[in-house]
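See below for the structure under consideration.
Being a predicted model, the structure only gives us computed values, none of them experimental. Labels below follow one simple rule: chain letters A, B, ... track the order of the sequence lines, proteins then strands, and each chain is numbered from 1.
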Protein chains: 2
Amino acid sequence: MDSDTRAWKDAIYGQFGRIGKALSSPRRLEILDLLSQGPKNVETLVLETEMSVANVSQHLQTLLQARLVQFEKQGTYAVYQLSNAKISALLLLIQELGEDILAEVRLLRDEFLLNRDSFEPLTLDELKARMDMDEVYLIDVRPKEEFEYGHIPGAFSIPVKELADHLSSIDTNRPVVAYCRGRYCMYAVEAVEMLREHGIHAIRIDEGVREWNQEPIH
Amino acid sequence: MDSDTRAWKDAIYGQFGRIGKALSSPRRLEILDLLSQGPKNVETLVLETEMSVANVSQHLQTLLQARLVQFEKQGTYAVYQLSNAKISALLLLIQELGEDILAEVRLLRDEFLLNRDSFEPLTLDELKARMDMDEVYLIDVRPKEEFEYGHIPGAFSIPVKELADHLSSIDTNRPVVAYCRGRYCMYAVEAVEMLREHGIHAIRIDEGVREWNQEPIH
DNA sequence: ACAGTATTCAATTGATTACTTGAATATTAC
DNA sequence: GTAATATTCAAGTAATCAATTGAATACTGT
């Protein structure tokens, strides 16, 4: 390979490495995951991740430099969002791959999620079939802002933190199906536990709105 | 968020971070890209990347620990391969995303590829249409081993380094279409240049066999 | 102008990473 | 057993990275 080609290859992979570096931090992966559910300001990210304000801001600067996020100021608030729809797909793929190849990921899924909710979740196809026949009451238990940004059609928004106050508004003639951010989010599990404690027939799906919107890759 | 959930989230993103860390090095991205065209031993990777043997081996150990590659010994040769088909898709997505969001990637594409081959490449759809009508002579100009691992159906294998010796075996009654590893590989460009120097009507496609096999994501 | 709030910046510290060099290991052929 | 070949390992060095702390900046409401 002549040295021009070698230098060009080094440069191009150096650029792709910028994306890889941005994804090398568990903190930044969590921030990106949260942003794939909708735009958020620093304060919201601080609350969700339990990181310090300065640390969140540092990581956001790193993501800005890699061009994975962009922001707009709304008063004193800097509202960050993903810069490209492919980033959501990339995160999903990293998570699917992680589940395929890393035993530790499967272990963590098993030890936490399934111990708390011993019932198998509904599959997306089962959900679609039941929704077509109007057989379920679908609730989105993420924060309201995320619901407004995008949600599964036909779902009602009842954030899990407000579920206790909204039990009376739930149609209990049909089974309740809860969903949240996806396979690594606890909100739907917590919601189902709470509903069952109140004698309401409730199940959940593993997927979130990203998976709903994603064309199947197989 | 209670501290159990926080700890679990830290653990799960820590695991996904293993994949991100593995992808944070330009050198490892190139190695993975080469392996997505077929299994290779250390020596082959050394030749293609112009890195030292020890360095290639170190990076392969890092990829092994992240479970992105696996290997089998064949005599003194350790033959490495990708551990999961999703890794190819992940690399393609990083490259597509890179092209979407990083001006430097587009600049590098422009400054090298298109300056050498001022003719627009054929699209995949155009290729398919012409192959259906038997209008083109499709050649795969990657190393023979990569062709054997997987290639576009109907293509003939003429590695670019052997092209000069095989000019007489090319059917010149139809235009020749060359392809190689994908959008960041020079082999097809070099092959088209050489063929045109010998008066042979030749064009190329940007895509490689991975894109051919990939279901469209849009 | 000032206080409050939200965010970013800069410096420091400790940890991690990439490459090189030289040694060690594994396998094969004779 | 020995030499050759392929690969991995270990240590050193320089560079990079992550989190914290404290300061600085930006914006709004009064």
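Applying the side chain to side chain donor-acceptor pair (under 3.5 Å) rule to A/T123 yields the partners A/E126; only residues at least two apart in sequence or on another chain are considered. Remark: B/E145 pairs with no residue by the salt bridge (charged side-chain N to carboxylate O under 4.0 Å, His left out) rule, at least two apart or across chains. With sequence neighbours excluded, no residue forms a salt bridge (charged side-chain N to carboxylate O under 4.0 Å, His left out) with B/E43. Judged as a side chain to side chain donor-acceptor pair (under 3.5 Å), and not counting sequence neighbours, the contacts of B/T44 are B/N41.
The salt bridge (charged side-chain N to carboxylate O under 4.0 Å, His left out) analysis of residues 54-74 of chain A, with sequence neighbours excluded, yields no pairs. Applying the ring-ring contact (aromatic ring centres under 6.0 Å, His included) rule to pairs touching residues 54-74 of chain A yields A/F71-A/Y80, sequence neighbours excluded.
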Show which side-chain atoms of residues 33-40 of chain B pair as donor or acceptor with protein atoms under 3.5 Å away, not counting sequence neighbours.
from, atom 1, to, atom 2, distance (Å)
B/D33, OD1, B/Q95, NE2, 3.3
B/D33, OD1, B/R210, NH1, 2.9
B/D33, OD1, B/R210, NH2, 3.3
B/D33, OD2, A/Y13, OH, 2.5
B/D33, OD2, B/Q95, NE2, 2.9
B/S36, OG, B/D33, O, 2.7
B/S36, OG, B/R210, NH1, 2.9
B/Q37, OE1, B/R142, NH1, 2.6
B/Q37, NE2, B/R181, O, 3.1
B/K40, NZ, B/L34, O, 3.0
B/K40, NZ, B/G38, O, 3.2
B/K40, NZ, B/E146, OE2, 3.0

At a cut-off of 3.5 Å, list every protein nitrogen or oxygen paired with a nitrogen or oxygen from nucleotides 11-15 of chain D, distance to 0.1 Å.
none

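Closest to the A/A78 side chain, of the nucleotides C/dT7, C/dC19, D/dT7, is C/dT7. Minimum atom distance to the side chain of B/Y77 is reached by D/dT7, of the listed D/dT20, C/dT8, D/dT7. Taking only side-chain atoms of A/S52, from C-beta outward, the nucleotide of D/dT20, C/dC9, C/dA18 with the closest atom is D/dT20. The side chain of A/H59 lies closest to D/dA19 when the candidates are D/dT7, D/dC9, D/dA19.
Contact annotation: B/Y80 reaches the phosphate of D/dT8 (side-chain N/O to OP1 or OP2, under 4.0 Å).
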Nucleotide by nucleotide, nucleotides 22-30 of chain D touches protein heavy atoms under 4.0 Å in the pattern (B base, S sugar-phosphate only, - none) -----BS--
